[in-house]
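In this text the structure is predicted, and so the values were computed from the model without any measurement.
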Amino acid sequence: MSDVFNNELFEAFAKASDNVYIYVCDMKTNVSRWSWAAVEYFGLESEYLVDAGNVWAQYVHPDDLDTYMDDITGVFSGRKKFHHCQYRARNAEGTYIWIECKGSLIRDAEGNPVIFAGLMTRIDGQSKYDSLTGLLTAHDMHHFDFASLSGTALLLGIDGFRKIINGYGYNAGDEILIKFSRVISDLCHSGWKAMRFSGDEFLVLAFESTPQEVTDFYEELCRKIDTLKLDDERKVGISISAGGATFPQDADTREALINKLEHSLEYAKNNRRASIVFFSKKIAEKHERGLVLREDLKQCVKNSFKGFELFFQPFINPDSGSIAGCECLLRWKGEQIKDSYPMEFIKILEDYGDIQDVGFWVMEQAIMQQAAWCDRYGELHISFNVSYQQFIDDDFEKKAVSYVEKYGANPEYIIIELTESCQVESPKELAAMFVRLRKQGFKIALDDFGTAYASMEMLKWLPVDYIKVEHSFIRELAQPGHDIDYAIVDSLLEMCRRLGYNSIIEGVENSEVADIVGELNATLLQGYHYSHPVCRKDFEKLLDEDRKLSSGQC
């Protein structure tokens, strides 16, 4: 047997990696030796092959065969010095995988080929380990037969990771992921597998472990990373949501397991943030409902927004007690689902990209209604909600102005409410938009004001006309022990007066609360005490009655 094959150097390289395969061919005998890892992975007959070039060509994908043959022929003919190309090759399981093949031809003094040696690298193997954290990737799950194994899987996600990046920067985000992955690895029991799934999500396969053992692991993980210290000594508080599923009970394939883990994590983030939720029938039903809702909503949007409707909740002038306007609130009944509430269907619209179209529809309907009511009832303030993402749409300002011109509405009585001000990423750009809208006559309001420090901080950046005091401060003002709520509301309204803002108090649920807030000198009041949100016809009845009372007619 040739010394080319039987030497320590070949043995060393052959065992260096499971993803890199070496081969050496004695060109005089046309016999080659392949590393045993290549024999096993590709299902070769033996580590010693005769006429390996043609044998190997049978493993190359038919669509890539010309590429392979042209490159290898170029080396043997002397046209090329080195063999180097990428193509697909069939492994022992019959699956084609991408490899990168490199080789060199050694010639003797007379120019005759003596040895051809090279290596093959599985390109798909580059995804085996995550380059940032060093953990395995979910690609490694392909190796497990979950039908024959037993254990619990856990999908972990860092809550609000996008906000962390916005606040601390991308480098800090990478640092957090690295430190987080190390804590996960340190806490994993012997035999468990920790992987980076995607982005800020990590996967733990806890073989031969129960949901309780995984829950204990999760709780310890939460304690460990409650506050992470960055290399520059800054401290970052983070929380984790998790979805769990058992195998093979909940899922016996990789695809089914990932599917159930993702559903469970989504449920945890949306309903029980910073907690662990295991897959259940309830989660399956909720996911199925979400699929139906998504399709139902999409069809309604395509069908000229059929099923969507505006409801109206009155604004009350605290001095006269009369209706001064209303807030427009979106309602929807689908063809298949009739009982969806706004928090549910609006989130689906946001998640799947239809919120912009629906938002413009709401804007047009609200402006059209303001113009129509003006002729019948006089000028009424009418407001509608707009998210930050809608505001920064390039067409937002143009459409707002065009609708006012189209219907002859008075923008001085149109209040555009910014919801979730804590999500504003570029306050300077938004401030510029507000300046332009206000020059056109529109009024701007900050909704749910006071629920987070971010909303207070927004006042430094955003020019607004109205502050809406969040209902959680209002609803229980009449109950004993709520002096702090009263002090907060009183202070907010005093701040509004000093800064020249109008104010809207929402959440006035009963006469006792109405009496209290009536003495606080707010601009407008809103709440169930005056009316629930009602359809257009019922709101017009309220307006008719209100105008009769105002004119002294009974």
Side-chain angles (χ1 to χ4, degrees), residues 310-331 341-343 346 362 366 369-370 380-388 413-423 442-456 458-459 462 464-479 482 484-497 499 501-535 538-539 542-543 546:
L310 289 188
F311 272 44
F312 307 91
Q313 188 174 29
F315 292 139
I316 303 300
N317 184 321
D319 296 326
S320 64
S322 62
I323 297 176
C326 64
E327 178 181 4
C328 299
L329 298 163
L330 184 63
R331 299 293 184 264
Y341 47 91
M343 289 291 289
I346 288 177
V362 169
Q369 198 60 69
Q370 196 277 339
L380 290 169
H381 294 89
I382 191 164
S383 75
F384 55 90
N385 296 316
V386 177
S387 69
Y388 170 63
Y413 287 86
I414 296 172
I415 305 171
I416 306 175
E417 298 186 20
L418 170 65
T419 62
E420 299 174 329
S421 58
C422 60
Q423 294 186 3
F442 295 99
K443 305 301 180 186
I444 306 294
L446 288 185
D447 193 18
D448 293 337
F449 190 81
T451 55
Y453 175 76
S455 62
M456 194 73 74
M458 284 300 102
L459 286 182
L462 303 179
V464 300
D465 302 281
Y466 284 86
I467 298 296
K468 290 195 75 174
V469 180
E470 213 273 335
H471 56 71
S472 63
F473 297 115
I474 307 299
R475 286 179 172 171
E476 299 179 349
L477 278 179
Q479 301 297 321
H482 287 272
I484 294 179
D485 287 341
Y486 182 88
I488 292 173
V489 174
D490 189 35
S491 298
L492 287 175
L493 293 179
E494 176 61 25
M495 179 193 69
C496 288
R497 286 189 288 272
L499 296 176
Y501 299 139
N502 294 306
S503 57
I504 302 174
I505 291 182
E506 54 183 354
V508 183
E509 308 293 88
N510 53 57
S511 58
E512 291 83 1
V513 173
D515 290 340
I516 294 172
V517 299
E519 299 175 357
L520 292 177
N521 297 318
T523 309
L524 297 171
L525 307 177
Q526 180 183 5
Y528 292 168
H529 174 63
Y530 307 107
S531 173
H532 284 68
V534 294
C535 66
D538 288 342
F539 184 69
L542 292 176
L543 286 171
D546 180 76

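Of the options Lys443, Glu417, Glu327, a side-chain hydrogen bond (donor to acceptor under 3.5 Å, both in side chains) to Ser383 is made by Glu417 and by none of the others.
Taken from CZ in Arg475 to NE2 in His529, the straight-line distance is 15.0 Å, to the nearest 0.5 Å. The CD1 atom of Ile516 lies 5.5 Å from the CG atom of Leu477; values are rounded to the nearest 0.5 Å. Rounding to the nearest 0.5 angstrom, the gap separating the CZ atom in Phe384 from the CD1 atom in Ile414 is 6.5 Å. Atoms OG and CE, from Ser503 and Met495 in turn, are 9.5 Å apart once rounded to the nearest 0.5 Å. In this structure, NE2 on His381 lies 9.0 Å from OG1 on Thr523, to the nearest 0.5 angstrom. In this structure, CD1 on Ile505 lies 11.0 Å from CD on Gln526, to the nearest 0.5 angstrom.
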Given the rule in the side chain to side chain contact (heavy atoms under 4.5 Å, CB included) test, do Leu330 and Leu310 qualify, once you have shown the distances and angles that lead to the verdict? CA-CA 5 Å; Leu330 184 63; Leu310 289 188; 4.3 Å; yes
Are Val469 and Val517 close enough, and set up right, to give a side chain to side chain contact (heavy atoms under 4.5 Å, CB included), and what steps lead you there? CA-CA 11 Å; Val469 180; Val517 299; over 6 Å; no
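In this structure, the side chains of Ile467 and Leu493 stay at 4.5 Å or more apart for every pair of heavy atoms. Ile382 places a side-chain heavy atom less than 4.5 Å from the side chain of Cys328. When side chains are defined from C-beta on, Leu462 counts as touching Leu418, because their heavy atoms get closer than 4.5 Å.
One N or O on the side chain of Gln313 and one on the backbone of Ser531 form a donor-acceptor pair closer than 3.5 Å. For Asp546 (side chain) and Ile323 (main-chain N/O), a donor-acceptor pair under 3.5 Å exists by modelled atom type.
With sequence neighbours excluded, no residue satisfies ring pair (Phe, Tyr, Trp, His ring centres under 6.0 Å) with Tyr486. Taking Leu524 as the reference, Phe315, Ala324, Tyr466, Ile504 meet the side chain to side chain contact (heavy atoms under 4.5 Å, CB included) condition, with sequence neighbours excluded. Under the side chain to side chain contact (heavy atoms under 4.5 Å, CB included) criterion, Asn521 pairs with Arg497, not counting sequence neighbours.
Smallest separation of non-hydrogen atoms from Leu329 and Pro533: CD1-CG, 3.5 Å. Considering all non-hydrogen atoms of both residues, Gly325 and Leu380 come closest at N-CD2, 3.9 Å. Nearest heavy-atom pair across Ile316 and Tyr530 is CG1-CG, 3.4 Å. For the residue pair Cys535 and Phe312, the shortest heavy atom distance occurs at C-CD1, 4.2 Å. Contact detail for Glu509 and Gly527: the closest heavy-atom pair is OE1-CA, 4.1 Å.
The local environment of CD1 in Ile484 is sparse, with at most 12 non-hydrogen atoms from other residues, nucleotides or ligands closer than 6.0 Å.
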